[in-house]
Each structure stands twice: as structure tokens, then as C-alpha cells.
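Each remark here refers to the structure printed beneath this line.
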Amino acid sequence: MSRNIILDLAVSLDGYIEGPNGETDWCILDEDMDFYGFLETIDAIFYGRVSYEAWGNFYPDENAAEEEHKFWQAIHNKKKYVFTRQAGNDDRVHFIRSDVEREVAKLKSMEGKDIWLYGGAGLIQTFIRSGLIDRYRISVHPIVLGSGKPLFEEVKTPLELKLTGTNTFRSGVVQLIYEPLNGKVSGGE
């Protein structure tokens with residue numbers, strides 16, 4: 001049985017994953033979203049270099065709520081893979097520098113739980129174009145940013161998906177769960 005690559009991220013109502021200055025402070029994390037339930041289904045996280053540098057070892061300051069510390073600890077307990085062309089030296093992470101499709105296929109065939117494609121935007125675009133995403137969990141937040149980093153920036157051909165689930169949360173966030181139609185992704189170049 002193959003592990004799935006799951007893109008799970010927040011997007012504004014107008015399709016942005018970051019504000020114009022990289023802001024993500026508009027993202028809502030409600031208790032009824034059961035993010036811990038999602039974390040139990042994965043055992044690894046894929047990061048791009050910039051996202052890893054920003055969030056891969058992030059810990060809230062000591063004055064943050066205990067729940068926030070618990071949240072980040074749960075994330076940091078997962079195996080981390082960083083996709084980068086640059087040299088890296090961090091024994092807490094596995095670096096993937098080339099042949100993304102082959103490396104991902106190898107990781108998917110290994111025993112384990114699903115894998116969270118965390119981002120950033122460039123890595124997400126690479127995975128979309130290569131047809132490497134098995135499930136899209138897009139949480140649409142009730143905010144219009146007007147500009148920023150779009151989720152689907154470089155898709156050259158239609159990306160055909162089928163809706164497999166929806167969740168609506170108290171905050172007004174609506175989560176849409178999609179899988180590639182017929183198991184194929186046509187978003188490549």
C-alpha cells in the first residue's frame with residue numbers, strides 16, 4: 001500500500017496562501033478543525049528550503065499558551081524532508097536535492113503513514129506540475145486579501161479534481177477535500 005502525499009493548507013477566499021508581505025496571521029485554527037487528528041494520519045512533512053527555515057524549527061516564545069507549544073511539538077515530532085538545491089547541514093532533517101519524482105516515489109513506497117506537503121509555494125507548484133499530490137485539503141478562510149502569493153500560480157493546463165469531502169467550521173472556514181480525477185493529474189507543462 002502506498003502512502004499518500006497530502007497538500008493541507010489555508011487559502012484566502014480570493015486564492016492566496018500568503019498576504020502581500022508573506023503574512024499568514026489571517027489563518028484561523030479552531031478546535032473543531034481537529035488538526036491533531038490530521039497530524040495522527042501523517043508521519044512525515046515535506047518542506048521547501050525557505051518554509052523549513054521559517055517554520056521547520058519554529059517554537060513559540062515561552063509566554064505562548066501551552067496549547068500552542070503542544071501544537072508545535074506535535075508537528076516537530078514528524079520526520080522532515082527538505083527539498084532544496086542548496087547544501088544543508090541539519091541532522092534533524094533529510095535533504096532532497098535532485099530527482100524529486102524518483103525520491104518521492106521511493107518515500108511513498110516505504111512503510112508508514114501519509115506525508116504532509118507543507119510548502120512553500122515553489123515546492124507546491126513543483127508537486128502540482130509533476131502530479132505528485134494525492135489529496136488536496138484546502139481550508140478556505142473567510143478573508144479577502146486582495147494580493148499575495150496565489151496557490152495555483154503556474155498551472156498551465158487544467159487540473160481536474162473530484163470533490164471527496166467538505167467540512168465547515170465555527171469560524172466560517174470551509175475545508176474542501178479533493179483528489180485527482182481518475183487518479184491522474186493533468187496540471188503538468
Side-chain angles (χ1 to χ4, degrees), residues 1-11 17-18 24 27-60 66-84 88 90-97 100-141 151 159 161-169 173-180 183 185 187:
M1 179 158 164
S2 179
R3 302 160 79 185
N4 289 309
I5 306 296
I6 301 171
L7 175 63
D8 181 276
L9 80 160
V11 64
I17 59 175
E18 295 177 359
T24 57
C27 295
I28 300 166
L29 187 61
D30 281 341
E31 209 173 281
D32 63 330
M33 290 178 173
D34 191 24
F35 195 71
Y36 290 107
F38 169 69
L39 290 176
E40 289 175 10
T41 69
I42 66 162
D43 62 5
I45 303 174
F46 287 168
Y47 293 93
R49 182 189 53 80
V50 174
S51 290
Y52 178 73
E53 288 174 358
W55 300 106
N57 291 306
F58 174 82
Y59 281 95
E66 182 180 334
E67 186 61 28
E68 188 174 355
H69 285 276
K70 181 181 168 189
F71 171 81
W72 283 101
Q73 187 59 50
I75 290 173
H76 294 317
N77 284 338
K78 308 299 179 184
K79 291 179 191 163
K80 298 176 185 180
Y81 297 87
V82 176
F83 293 78
T84 181
D90 186 337
D91 59 359
R92 297 167 293 183
V93 70
H94 304 278
F95 290 96
I96 298 174
R97 291 183 180 79
V100 171
E101 290 182 38
R102 185 176 64 80
E103 291 298 321
V104 169
K106 186 167 61 171
L107 291 168
K108 283 182 68 167
S109 70
M110 294 171 63
E111 183 82 20
K113 296 180 179 182
D114 289 338
I115 302 166
W116 178 16
L117 173 57
Y118 184 91
L123 184 62
I124 291 169
Q125 298 310 320
T126 297
F127 273 63
I128 290 172
R129 283 190 310 271
S130 299
L132 296 173
I133 300 172
D134 299 299
R135 188 170 308 124
Y136 293 77
R137 287 174 35 116
I138 310 298
S139 295
V140 181
H141 289 244
L151 171 55
L159 179 60
L161 304 170
K162 64 181 174 186
L163 184 67
T164 60
T166 61
N167 296 302
T168 303
F169 304 108
V173 171
V174 176
Q175 184 180 68
L176 305 169
I177 303 168
Y178 293 97
E179 292 180 5
V185 175

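Nothing here was measured: the structure is a model prediction, and the numbers come from that model.
- Summarising the geometry, atom CD belonging to Glu101 is positioned 9.5 Å from atom OG1 belonging to Thr126; distances are rounded to the nearest 0.5 Å.
- Between Thr84 and Tyr52, the closest side-chain pair of non-hydrogen atoms is not below 4.5 Å.
- Counting non-hydrogen atoms of neighbouring residues, nucleotides and ligands closer than 6.0 angstrom, the CD atom of Glu67 exceeds 12 such neighbours.
- Applying the side chain to side chain contact (heavy atoms under 4.5 Å, CB included) test to Val174 and every residue at least two apart in sequence or in another chain returns Thr168, Leu176.
- For the side-chain contact (heavy atoms from CB on, under 4.5 Å) with Tyr136, the lone residue among Thr164, Asp8, Leu159, Leu9 that qualifies is Leu159.
- Considering every non-hydrogen atom in both Asp134 and Glu179, the closest pair reads O-CG, 3.5 Å.
- Residues Tyr178 and Ile133 fail the side-chain proximity criterion, which asks for heavy atoms closer than 4.5 Å.
- Atom CD of Glu66 and atom CD of Gln73 lie 12.0 Å apart (nearest 0.5 Å).
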*Just do the side chain to side chain contact (heavy atoms under 4.5 Å, CB included) check on Asn167 and Asp34 with the steps written out, would you?*
CA-CA 11 Å; Asn167 296 302; Asp34 191 24; over 6 Å; no

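- The heavy-atom pair separating Ser51 from Gly119 by the smallest distance is OG-C, 3.3 Å.
- Looking at Leu7 and Phe127, their side chains never come closer than 4.5 Å, going by heavy atoms from C-beta outward.
- Closest approach of Tyr47 to Leu123, counting heavy atoms only: C-CD2, 3.4 Å.
- The side-chain heavy atoms of Val100 and Leu132, taken from C-beta on, include a pair separated by under 4.5 Å.
- Within the cation-pi definition used here (under 6.0 Å to the ring centroid, within 45° of the axis), Lys70 qualifies as a partner of Tyr36.
- Counting only heavy atoms from C-beta outward, the side chains of Met33 and Phe38 never approach each other to under 4.5 Å.
- By the 4.5 Å heavy-atom criterion applied to side chains, Asp114 and Ile5 are not counted as neighbours.
- Looking at His76, its side chain does come within 3.5 Å of a backbone N or O of Gly56 through a donor-acceptor pair.
- Remark: the backbone N or O of Ile28 is paired with a side-chain donor or acceptor of His141 at under 3.5 angstrom.
- Sorted by first and then second residue, the salt bridge (Lys or Arg N to Asp or Glu O under 4.0 Å) pairs with a member in residues 35-50 read Arg3-Asp43, Arg49-Glu53; sequence neighbours excluded.
- The shortest distance between side-chain heavy atoms of Thr24 and Trp55 falls below 4.5 Å.
- Summarising the geometry, atom NZ belonging to Lys113 is positioned 9.0 Å from atom CD1 belonging to Ile42; distances are rounded to the nearest 0.5 Å.
- The two residues Ile177 and Leu163 come nearest to each other via the heavy atoms O-CD1, 3.4 Å.
- Note: Trp116 CH2 to Leu39 CG = 6.0 Å, rounded to the nearest 0.5 Å.
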*What's the verdict on side chain to side chain contact (heavy atoms under 4.5 Å, CB included) for Val104 and Phe46, showing C-alpha distance, side-chain angles and the deciding distance?*
CA-CA 10 Å; Val104 169; Phe46 287 168; 4.1 Å; yes

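- A distance of 7.5 Å separates CD1 in Ile45 from NZ in Lys78, rounded to the nearest 0.5 Å.
- Here Lys79 pairs with nothing under the salt bridge (charged side-chain N to carboxylate O under 4.0 Å, His left out) rule; sequence neighbours left out.
- Within the 4.5 Å cutoff, the side chain of Leu117 has no heavy atoms near those of the Phe83 side chain.
- In terms of heavy atoms, Lys162 sits closest to Pro180 at CE-O, 4.2 Å.
- Nearest heavy-atom pair across His69 and Pro60 is CE1-O, 3.4 Å.
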